[in-house]
*Asks:* 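Quick one: the structure is below, questions incoming.
All residue numbers in this chain count up from 1 along the given sequence.
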Amino acid sequence: MLNALSASSSQSMAGQHESIDLRSPPADPSAAAGHSWFPGPPPPIYSCSLTPELVAKAREELQEKPEWRLRDVQALRDMILKEQPNLRTRLDDAFLLRFLRARKFDYDRALQLLLNYHAGRKAWPEVFQDLKPSTVKHVLDLGFLTVLPQPDPNGRYILCLRPGKWKPNDYPFVDNVRAIYLTLEKLIQPEETQVNGIVILADYTGVGMSQASNPGPFLAKKVVSILQDGFPIRIKAVNIINEPRIFKGIFAIIKPFLKEKMAERYILHGSDLRSLHCSIPRSVLPEEYGGTAGQLDMSAWSRVLLDSEEEFIVEFCQPDPLEGVVLPDSMLFEGEQASGQDDDAFRGLRSQLYYCY
């Protein structure tokens, strides 16, 4: 009954608001059959899919009360309609819940996260223009990233990054960012991920000076800003393995932009797989990392993304959602004005990279 009322309310208000219907299209059963290990997109009308255990976890960790869930979604929807009437954004329950959960049901912080989410697209058009899986197939084919098929014991999917697979003359680094963003968009669809968060496993095998110095602090700052303050996902741990000596210089570029809590979640394992297994059990890791879950399959996640082409076209190949919107002065992204200062900082950090190398 509450779901029906909420859906009806949402539809009536959407008619008064300049929004576009960006809800995921119905899942194609034939496509889903090829990768049944990962949940399909949510249905058009929201229905909670959390298990009783996850409902209890969300209550304890996120201050989510099932009996108030739809009321909270409506409160955020009302804030958007009142404070940002020109914002072209999804208003459906499933979408808004992502932002509420990411900010522990604090309405103001959830709204700010939503604005940051859209501001990131405006500030970084080379990442978000025409963003769909087919445009990053070369990144997927290279083996730069994948998602392991089994979540860890805490229900968290593991995003595996292998930056050493990329060389600067292969393609622009920003294509890697596009592939990462599409992966995060797909990962955040299941409610389980919204509650449990994700874990990152970054294998730095093969990373040398050319990869380390290529992004620079301005690019690094944008990536970190989006992950920390511009995307509704909880990154619970970042496990770094096989990091070379040069990683000290790489981390020197990234760390100034990390919040203290996020910086504390970085775990450096070196080549010690036993250390890695203390964070991620062998049962969910591939053989390449001392696990028992078979060989690393880079193609499985590629199929998940490429089979989702239509929903990403609906999501990202649309007019600018911030057109006509006046944003606060204290928005997350500072644009090109900061690039000069960051370039100065990079000259100092580059010497650290050479020293480590």
*Asks:* Of the non-hydrogen atoms in L182 and L305, which two are nearest, and what is the gap between them?
*Replies:* O-CD2, 3.9 Å
*Asks:* Within the distance-only criterion (no hydrogens, no angle test), does the side chain of R265 pair as donor or acceptor with the backbone N or O of I235 below 3.5 angstrom?
*Replies:*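 Yes: the side chain of R265 pairs with the backbone of I235.
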*Asks:* Do E243 side-chain atoms and G270 backbone N/O form a donor-acceptor pair below 3.5 Å?
*Replies:* yes
*Asks:* Should side-chain heavy atoms under 4.5 Å link Ile, Leu, Val, Met, Phe, Trp and Tyr, which residues sit in the same cluster as L285?
*Replies:* L148, I158, V199, L201, I241, L273, L276, I280, V284, Y289, L296, M298
*Asks:* I'd like to check the salt bridge (Lys or Arg N to Asp or Glu O under 4.0 Å) partners of E185; sequence neighbours left out, ordered by chain and number.
*Replies:* R98
*Asks:* Which residues satisfy the ring-ring contact (aromatic ring centres under 6.0 Å, His included) test with Y107, sequence neighbours excluded?
*Replies:* none
*Asks:* Applying salt bridge (charged side-chain N to carboxylate O under 4.0 Å, His left out) to E315 and R90, what does each step give before you reach the verdict?
*Replies:* CA-CA 9 Å; E315 188 81 25; R90 287 173 54 178; 3.3 Å; yes
*Asks:* Any chance the side chains of K57 and N196 put a donor and an acceptor closer than 3.5 Å?
*Replies:*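 There is such a pair (donor and acceptor under 3.5 Å, judged by atom type) between the side chains of K57 and N196.
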*Asks:* Give the ring-plane orientation class for F95 versus Y117, where under 30° counts as parallel, over 60° as perpendicular and anything between as tilted.
*Replies:*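 Aromatic pair F95/Y117 classed perpendicular.
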*Asks:* Got P232 and Q194 here, is their nearest side-chain heavy-atom distance under 4.5 Å?
*Replies:*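 Not in contact.
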*Asks:* Which residues pass the side chain to side chain donor-acceptor pair (under 3.5 Å) test with E53, not counting sequence neighbours?
*Replies:*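 Counting only residues at least two positions away or on another chain, E53 forms a side chain to side chain donor-acceptor pair (under 3.5 Å) with T51.
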*Asks:* Suppose we screen for salt bridge (Lys or Arg N to Asp or Glu O under 4.0 Å). Which residues come up paired with K65, at least two apart in sequence or across chains?
*Replies:* none
*Asks:* Return the set of residues passing salt bridge (Lys or Arg N to Asp or Glu O under 4.0 Å) with D175 (not counting sequence neighbours), or none when no residue passes.
*Replies:*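 D175: no salt bridge (Lys or Arg N to Asp or Glu O under 4.0 Å) contacts found.
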*Asks:* Under a 3.5 Å distance rule, please check whether E61 uses its side chain to pair with a backbone N or O of V195 as donor and acceptor.
*Replies:*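 No, because the side chain of E61 does not come within donor-acceptor range (under 3.5 Å) of the backbone of V195.
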*Asks:* Which residues satisfy the salt bridge (Lys or Arg N to Asp or Glu O under 4.0 Å) test with D141, sequence neighbours excluded?
*Replies:* K137
*Asks:* Between T135 and L131 (side chain of the first, backbone of the second, donor and acceptor by atom type, cut-off under 3.5 Å), is there such a pair?
*Replies:*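 No, T135 side chain to L131 backbone: no donor-acceptor pair under 3.5 Å.
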*Asks:* According to the ring-ring contact (aromatic ring centres under 6.0 Å, His included) rule, which pairs have a member within residues 136-162, sequence neighbours left out?
*Replies:* F38-Y157, H138-Y171
*Asks:* Write out all pairs satisfying salt bridge (Lys or Arg N to Asp or Glu O under 4.0 Å) with one or both partners inside residues 188-198, taking only residues at least two apart or from two chains.
*Replies:*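 Counting only pairs at least two positions apart or across chains, the salt bridge (Lys or Arg N to Asp or Glu O under 4.0 Å) contacts touching residues 188-198 are R101-E191.
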*Asks:* Can a donor-acceptor pair be found, under 3.5 Å and without considering hydrogens, that links the side chain of R103 to the backbone of Q112?
*Replies:*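 Here the side-chain-to-backbone pair does not exist.
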*Asks:* Do side-chain atoms of S271 reach the backbone of N242 as a donor and acceptor pair under 3.5 angstrom?
*Replies:*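 Not at all, since once roles are kept as given, no pair shorter than 3.5 Å links the two residues.
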*Asks:* Kindly state each residue pair satisfying ring-ring contact (aromatic ring centres under 6.0 Å, His included) with at least one member in residues 56-87, sequence neighbours excluded.
*Replies:*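 Checked against ring-ring contact (aromatic ring centres under 6.0 Å, His included) - neighbours excluded - no pair reaches residues 56-87.
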*Asks:* Which ring-ring contact (aromatic ring centres under 6.0 Å, His included) pairs, counting each pair once, include a residue from residues 182-206, with sequence neighbours left out?
*Replies:*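 Checked against ring-ring contact (aromatic ring centres under 6.0 Å, His included) - neighbours excluded - the pairs reaching residues 182-206 are Y204-F247.
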*Asks:* Sorted by first residue and then second, give each salt bridge (Lys or Arg N to Asp or Glu O under 4.0 Å) pair with at least one member in residues 144-172; sequence neighbours left out.
*Replies:*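 Listed once each, the pairs are D152-R156.
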*Asks:* Quick one: do D93 and R69 satisfy salt bridge (charged side-chain N to carboxylate O under 4.0 Å, His left out)? Show the steps, please.
*Replies:* CA-CA 9 Å; D93 297 342; R69 184 187 293 124; over 6 Å; no
*Asks:* Is a side-chain N or O of R282 found less than 3.5 angstrom from the main chain of G290, in a donor-acceptor match?
*Replies:*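 Checking the backbone N and O of G290 against the side chain of R282, a donor-acceptor pair under 3.5 Å is found.
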*Asks:* Could you check E64 against K104 for salt bridge (charged side-chain N to carboxylate O under 4.0 Å, His left out), going step by step and ending with a plain yes or no?
*Replies:* CA-CA 7 Å; E64 176 176 345; K104 299 185 177 181; over 6 Å; no
